[in-house]
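Everything on this sheet refers to the single structure shown next.
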There are 2 protein chains.
Amino acid sequence: MRAAVATIRELAYLCGVSVATVSRVFNNPKAVTPKTREHVLRLARELGYRPNEPARTLATKKSYMVGLIWDTDHRSPGWRHPFFQEILIGLKTALSEEGYHLLLLSTSDEDAAGGPSLDGYLHAVRRHSLDGVVFIDSGNESPAPHAIAEAGVPCVSLDRPVDGPRATYVTSDNAGGARDAVAHLHATGRRAIATISGPLRTRPGADRLAGYREALDALGLPCRPGHVQEGDFYLAGGHAAMRRLLEGGDRPDAVFAAGDQMAIGAMAAIGEAGLKVPEDIAVVGFDDIELAALVPPGLTTVAQDKAGFGTMAAATLIEMVDGPAVEAPPPAILPTSLVIRGTTTPRF
Amino acid sequence: MRAAVATIRELAYLCGVSVATVSRVFNNPKAVTPKTREHVLRLARELGYRPNEPARTLATKKSYMVGLIWDTDHRSPGWRHPFFQEILIGLKTALSEEGYHLLLLSTSDEDAAGGPSLDGYLHAVRRHSLDGVVFIDSGNESPAPHAIAEAGVPCVSLDRPVDGPRATYVTSDNAGGARDAVAHLHATGRRAIATISGPLRTRPGADRLAGYREALDALGLPCRPGHVQEGDFYLAGGHAAMRRLLEGGDRPDAVFAAGDQMAIGAMAAIGEAGLKVPEDIAVVGFDDIELAALVPPGLTTVAQDKAGFGTMAAATLIEMVDGPAVEAPPPAILPTSLVIRGTTTPRF
DNA sequence: GCTCTCGATGTAACCGGTTACATGAAACCG
DNA sequence: CGGTTTCATGTAACCGGTTACATCGAGAGC
């Protein structure tokens, strides 16, 4: 391969046209005669010319880059969104198709950017001329997304509502999924259905609990106070919450855990208490992480549309960035689907 | 917060100095009188001024961005490096500390950049003036890293050797870890030690098998041909390979699987054959994925230094980028450590 | 044939930084 | 005290694109 031509001026010279024409070939092809267009394109291809992005960004204020903010300190388990990786794939793929790139931003950049200011991310966005931002919630109530959203930067947040002139969010149908889970437990013969909720300050935590309550209501089952235990979305929290449920004297015959990790922790606690899943206590989780299918006897769970998160976030963001600057699209609520496995086999 | 000052010229005007002085305050502080320096810094802080990155990049050719190439098609499971996420965290954290950012690149960008050329990534690197590249191997023998490495772009590859004037790689001590695993199986009383290798075209696959052979040699054990089965690093491959081992007539009393997923697949196959782990067959894995601790009775495994991958990659890359442009540092070999759990309890 | 339009192309300013070089003041020195 | 060095600062060119506006030529209309 020959050395790539460096600049638009060189290419213009070689083509015998002006820089403006070359520029137009790439940015507004129909403003240029087919003949010259082809000529320029052919030479560009042969010489391996590609317009320089920083220069283009400088001139247009559009970088074709979006920031992925992933607000967390690296010590806490908070950074582990249950399917960060799937989200990332979906996001990256969808953005690439539209010619956008993804720049990773995390808490450390905030400080590095000059002191722990509340709007460190906003500065990062400005510095790089980012076209928009995707924010993955880690449940730690960071003020970052609000600062950005309010500044009018196109912004989509995952699993956490934000408002701002060009901000929206995408989440699963948490309440609906929870209702399905409870209805399924009821349909398999369980009547004393407890729940291990997520942290109630998180939106999915609160919504899944609400769905649980609605379902009990609809089924005419009482909502016994001891049957709601708050967890932390992680293994340990599920384990501890399950022990509380077991020690409560009012032993449930089914548990809806608002996250698969908690469900697995709960199953461990059930085993330690000498009880069996699903014979003594049925379990349903939420998320459908990879592990759910592997842990015996297979965890019944409310599956989220993992790839959908990324894809939807990308689509929504691009709509705000590219589209006519009207207003923020409505929040996207992804459907869930119940995956039935061994932890909820019917009672006789 | 007041509106951020847009340009260096404005700030210079407000400070009553020239743009050159302001620029120096940020890039070469000691070239400027303490008094003016403080003055400029104070005003800059008050006004929220930050130098514009694309402009800076345009002028200096240094973007303070490194690309993370993650070569894969999104369909295959190949993108699942066993701990992509940990690597990413380590990488991002270490890079942020030095003021570098991470730009995600993946296969789709290659095409979008104008046809499926072999050096699509190289173009992406040039377009964005990336300072370097980290390449995560997904085992699909992509030619991408070589094109980049040979072009002289600073480049560090994970788990796969590359050469180029400024290229190096980081990997675990795969052979050493494998030797430890086999020695441990021997020490717990096993003598008929089989292995499920990774794909032999991958470097870790080949190295772990080599380590296994060396260990058998050192222990004076024969290396029976039927006792080496090639897997794919995934659950299904481990399962299939284990069945081949069991059907071979020459049943082993221990298996070293070159990856935890394969080990877990193998354990399933052992269970299906009516045999027990560790009583009938002991199992050791490699990686120490999260699941290893959770799957009963706990998988003994060779732990890799997950965070170390990212940190080391970042350090090595920055050394090449920042440092005096001598030559590529030698490959980094991260130590492994054996984590002993329930699948290898000693034989009486 | 002459103007008028319109569409393709060129010229040059501009985006927001960096930096080589010029400048001028202060410090140093014999 | 004149001359030289040193050092902080300023001027202006440059990085590689985009784009407003000017220009020019061809076809349309009369």
Side-chain angles (χ1 to χ4, degrees), chain A residues 3-41 43-44 47-65 99 123-131, chain B residues 3-41 43-44 47-65 99 123-131:
Chain A
V5 168
T7 79
I8 196 176
R9 285 173 235 266
E10 290 184 58
L11 179 58
Y13 172 78
L14 293 175
C15 292
V17 301
S18 77
V19 293
T21 299
V22 175
S23 180
R24 278 189 279 258
V25 166
F26 288 96
N27 298 311
N28 187 12
K30 59 193 172 307
V32 99
T33 300
K35 192 162 72 74
T36 37
R37 189 196 316 150
E38 296 311 330
H39 183 214
V40 170
L41 279 176
L43 241 53
L47 300 169
Y49 168 80
R50 293 284 195 294
N52 176 291
E53 288 299 338
R56 186 196 274 248
T57 299
L58 177 58
T60 60
K61 312 270 175 250
K62 187 154 170 33
S63 63
Y64 284 96
M65 288 201 283
H123 276 133
V125 169
R126 293 248 165 83
R127 276 163 65 115
H128 293 276
S129 306
L130 298 184
D131 296 336
Chain B
V5 168
T7 78
I8 196 175
R9 285 173 236 267
E10 289 183 58
L11 180 58
Y13 174 75
L14 293 176
C15 292
V17 300
S18 76
V19 293
T21 300
V22 174
S23 180
R24 279 188 279 258
V25 165
F26 288 96
N27 299 311
N28 188 13
K30 58 193 174 305
V32 96
T33 299
K35 193 161 73 75
T36 37
R37 189 198 312 152
E38 296 311 329
H39 183 213
V40 171
L41 280 176
L43 240 54
L47 299 169
Y49 168 80
R50 293 281 196 296
N52 176 290
E53 288 298 339
R56 185 197 275 248
T57 299
L58 178 58
T60 60
K61 313 274 177 244
K62 188 154 170 34
S63 63
Y64 284 96
M65 289 200 284
H123 277 132
V125 169
R126 293 248 164 84
R127 276 164 66 115
H128 293 276
S129 306
L130 298 184
D131 295 336

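Labels below follow one simple rule: chain letters A, B, ... track the order of the sequence lines, proteins then strands, and each chain is numbered from 1. Values below: all heavy atoms of this structure, side chains included; hydrogens, waters and symmetry mates excluded.
Phosphate contact (OP1/OP2 of C/dT18, side-chain N/O of B/N27, threshold under 4.0 Å): present. For the pair A/T36 and C/dT9, the criterion of a side-chain N or O lying under 4.0 Å from OP1 or OP2 is met. Phosphate contact (OP1/OP2 of C/dT18, side-chain N/O of B/S23, threshold under 4.0 Å): present. Within the structure, a side-chain polar atom (N or O) of B/T33 is placed less than 4.0 Å from OP1 or OP2 of D/dT9. Taking 4.0 angstrom as the limit, A/T7 places none of its side-chain polar atoms (N or O) nearer than this to OP1 or OP2 of D/dG16. Applying the 4.0 Å criterion to OP1 and OP2 of D/dA8, one finds that B/K35 has every side-chain N and O outside that range. Dashed line: the shortest gap from a side-chain N or O of A/Y13 to OP1 or OP2 of C/dG10 is not under 4.0 Å. Residue A/T57 has no polar side-chain atom (N or O) positioned under 4.0 Å from OP1 or OP2 of D/dG17.
Atom C1' of nucleotide D/dC15 and atom CD of B/E53 are separated by 15 Å, given to the nearest angstrom. In this structure, B/L11 places its CG atom 9 Å from P of C/dG17, rounding to the nearest Å.
In terms of heavy-atom proximity, A/T57 sits nearest to A/S129 at CG2-CB, 3.7 Å.
For A/A20, taking side-chain heavy atoms from C-beta onward, the closest of the listed nucleotides C/dT11, D/dG17, C/dG17 is C/dT11. Closest approach to the A/V17 side chain among D/dC15, C/dG10, C/dT18 is made by C/dG10 (side chain taken as heavy atoms from C-beta onward).
Among the heavy atoms of the strands lying under 4.0 Å from B/T60 are primed sugar atoms or P, OP1, OP2 only; no base atom is included.
Residue A/K30 is the one, among A/K30 and A/V19, whose nearest nucleotide of DNA chain C lies closer to the 5' end (criterion: closest heavy atom). For B/A59 and B/R24, each mapped to the nucleotide of DNA chain D holding its nearest heavy atom, the one lying further toward the 5' end belongs to B/R24.
Over its length, the helix from C/dG1-D/dC30 to C/dG30-D/dC1 turns its helix axis by 40°, as judged from the five terminal pairs at each end, rounded to 10°.
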